[in-house]
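One structure is given below, encoded as structure tokens.
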Protein chains: 2
Amino acid sequence: MQVLKANESKPITIYDIAKEAEVSPATVSRVLTGNTNVRKEKRKKVLEIIEKYNFKPNAMARGLSETKSKIIGILVADVRNPFYAELFLACEQAAKLAGYTVMLCNSLNVMEQEEYLLDQMVQQRVDAIIQIGGRVDDLVSNMEYVEKVNQVMNTTPVVVTGKLEGTKCKMVRIDSMKAMELLMEYLISLGHQEIAMVGGSVRVLSTYEKLVQYRRSLQKYHIPYDPDLISAEGSYNVESGYRLMNEMLAKGKRPTAVVAINDFAATGVMHSLLEHGFRIPEDVSVVGYDNTYISQVMNPSITTIDYNYQYFGKCLIEAAIDAIEDRGELLKLVTPSLVIRKSSGAKK
Amino acid sequence: MQVLKANESKPITIYDIAKEAEVSPATVSRVLTGNTNVRKEKRKKVLEIIEKYNFKPNAMARGLSETKSKIIGILVADVRNPFYAELFLACEQAAKLAGYTVMLCNSLNVMEQEEYLLDQMVQQRVDAIIQIGGRVDDLVSNMEYVEKVNQVMNTTPVVVTGKLEGTKCKMVRIDSMKAMELLMEYLISLGHQEIAMVGGSVRVLSTYEKLVQYRRSLQKYHIPYDPDLISAEGSYNVESGYRLMNEMLAKGKRPTAVVAINDFAATGVMHSLLEHGFRIPEDVSVVGYDNTYISQVMNPSITTIDYNYQYFGKCLIEAAIDAIEDRGELLKLVTPSLVIRKSSGAKK
DNA sequence: GATAAAGTTGAAAGCGGTTTCGCAGATAAA
DNA sequence: TTTATCTGCGAAACCGCTTTCAACTTTATC
């Protein structure tokens, strides 16, 4: 026997609405979905009652019925990194405009987590998955992961910000070459020749691309290439920038400008330089990437590369929806721009 | 007439599994839910086939059937703020351990958005909502918002990190008094007497509590209270810390220690002080709140208050689950701790 | 070995929407 | 007025799972 609790207020359903409006559930559903075949008076009445009870149709029921959730899953490496946070926020906004909800997951950059979360999203029956960071950043794609994503792609399209060789993932990617070109043209125009690159890892696609462009830019201006000015066997955080810069200075290298792999690394680089008695930007110019608020917060504020997160996010969502509807381009490049602040200046 | 597309690979269902395992769908469901009443051999066979197809049960169907989604909605003001990002991440982890998924929404601190997102979450039939930041931070609760939340609470429990007077929301809150007490005891022990408070707004609960404790601590040590050392008519960002500190210095005030309302404001305060020729910490000690990486990134690194995000998030999820199951305490305080770094030192 | 108790299993009824189908009434065409 | 077309709407099937119920097997008890 069922005992009713007093405050067991079951959520209202279209049946309740239908009864009170003296129509069939089908009609209520019609007004809910915007189907036009409902007489004006009935539509009005139904809407009034929906309003009265602040009725919200059960998304699970709707999703089950339509076999689509209207959710886009977003898998990032770590929202605590403002780069991901900015991008997620932009996706959230763009998704909303397109009638989608967004579901965020953090992999903390461990592959098992990424695989687990892909499964999790499949289980939620998200309509598409956008992966930002993690395995899709790899210069050479991980076979096991490729296999996993291919399995996922059987039912759910996947969009990535890097690449995943051996899959048909759509790609929306920052034009890292262009970004590095902007930085190099800028620094060289300021008279710099001894330009260092610090932080990151060559096994990451975007970093690799930056290195390629670095050499291209040097060549263009006939500046000799010194491998000791490249230090990309680290990570993307403060500590790494700090350590690698220290090491480079210890080797006796004295660059007049440093391109850090991102804003975090840039702060580490700056700490190192300051500790060694260099002034920024008087003695050494430092630039970063990502235009996170870190670059504004620091003293001096950091010259960096901006991606227009709003636009980037919009492109990602568009790609996801294109993927859902089985159309659209395979690769899209987002053009970065230069943000000049206080950490860079003319070579003295 | 239905035309089948070649690669229209419909996701597999328990019926498919059932057929291949030569059992009924009910049995498949039983093994899925861990129901014990299935003979060992059958269970094994079913599991094998599930494994073979990498079958993931449709969460919407399951949710609809069980009338619960196993999703906890998390409404934050802005993930780009590392405080929220940390907390969200901690919630995500804790939720996972408890068998829940988490759904993040950003209100950007505008009430219409908060209300809209509450509705959105209700529509998704999340099992509970955790609101972190936004209207729940207000010292005096907004009536309209209270009404909205009460309406939501008809169907979905809400947990807040602040308070919402006139609702039965569970609260999990940082002990801001304790936090300020730690800071004041520390600074006073270093010999500081002219201690300023910069940033934030008294209309925010936690800030109000900090101010209350500030005065208490002064009283305890018989230090005179100078209202001009309080500047809490601003916001929680860098710019605000910078501006308010400038104003205070312009008034001729010369505190030997500054408590900034959070790490962002602290960086603004530091910029202002440095520009005015003060050294940190030799001339002025600066402390912040939140122990975000900003406080590690800055030079000097910032002494701050830590909340143990991991634990905080766990408490939030526990409170949410307690709320779902209609039990547990109404209010829980999380105890903060002091993290001493380079931005503070003895009064010279 | 008979009987009671416990363990297994499938059929079927939901969960709350959407959509197809067909009927009835309204409107247009003949 | 009759016939054809269109519009509005309800009945019912379906989306993919869980769970109740009843029937059927096993196992335990005496």
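Order of the sequence lines fixes the chain letters, A, B, ..., with proteins taken first and strands second; residue numbering starts at 1 for each chain.
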* Looking at B:Val160, B:Leu331, B:Thr161, which hits side chain to side chain contact (heavy atoms under 4.5 Å, CB included) with B:Arg173? ->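 Exactly one pass, corresponding to B:Leu331.
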* Asked: Only one of A:Thr13, A:Ile14, A:Asp16 clears side chain to side chain contact (heavy atoms under 4.5 Å, CB included) with A:Pro25; which?
  ->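 The residue from A:Thr13, A:Ile14, A:Asp16 that satisfies side chain to side chain contact (heavy atoms under 4.5 Å, CB included) with A:Pro25 turns out to be A:Ile14.
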NA contact type, [X], heavy-atom cut-off 4.0 Å: base, sugar-phosphate, or nothing?
X: B:Asn37; result: base
X: B:Thr33; result: sugar-phosphate
X: A:Ile17; result: nothing
X: B:Val28; result: nothing

* Structure fact -> By nearest-nucleotide position on DNA chain C, the 5'-leaning member of A:Lys56 and B:Lys42 is B:Lys42
* **Comparing A:Asn58 and B:Glu22 on DNA chain C - which has the more 5′ nearest nucleotide** => B:Glu22
Atom [atom1] of [X] to atom [atom2] of [N]: distance rounded to whole Å?
X: B:Arg43; N: C:dT9; atom1: CZ; atom2: P; result: 10 Å
X: B:Leu32; N: C:dT9; atom1: CG; atom2: C1'; result: 16 Å
X: B:Asn35; N: D:dC17; atom1: CG; atom2: C1'; result: 14 Å
X: A:Gln124; N: D:dC17; atom1: CD; atom2: P; result: 13 Å
X: B:Ile14; N: D:dC14; atom1: CD1; atom2: P; result: 16 Å
X: A:Arg39; N: C:dA26; atom1: CZ; atom2: P; result: 8 Å
X: A:Leu64; N: D:dC15; atom1: CG; atom2: C1'; result: 4 Å
X: A:Arg30; N: D:dG8; atom1: CZ; atom2: C1'; result: 8 Å

* **Contact summary for B:Tyr84 and B:Asp78, nearest pair of heavy atoms** => CD1-O, 3.2 Å
* Under 4.0 Å: is that the gap between some side-chain N or O of A:Thr27 and OP1 or OP2 of D:dG10? ->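 Yes, within the criterion.
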* Asked: Does B:Ser65 place a side-chain N or O at less than 4.0 Å from the phosphate oxygens OP1/OP2 of D:dG16?
  ->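 Indeed not, no polar side-chain atom of B:Ser65 lies that close.
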Looking only at the side chain of [X] (C-beta and beyond, no hydrogens), which of the listed nucleotides [options] gets closest?
X: A:Glu66; options: C:dG16, D:dC17, C:dT18; result: C:dT18
X: A:Thr13; options: D:dG10, C:dG10, C:dG17; result: C:dG17
X: A:Val38; options: D:dC15, D:dC9, C:dG10; result: D:dC9

* Classify the side chain of A:Ser29 versus the base of C:dG17 as yes if they form a donor-acceptor pair under 3.5 Å and no if they do not. => no
* **Side-chain donor/acceptor contact of B:Tyr15 with base of D:dC17 under 3.5 Å** => yes
Ignoring hydrogens and geometry, is there a side-chain-to-backbone donor-acceptor pair from [X] to [Y] under 3.5 Å?
X: A:Glu92; Y: B:Asn106; answer: yes
X: A:Asn150; Y: A:Gly166; answer: yes
X: A:Glu114; Y: A:Arg135; answer: yes

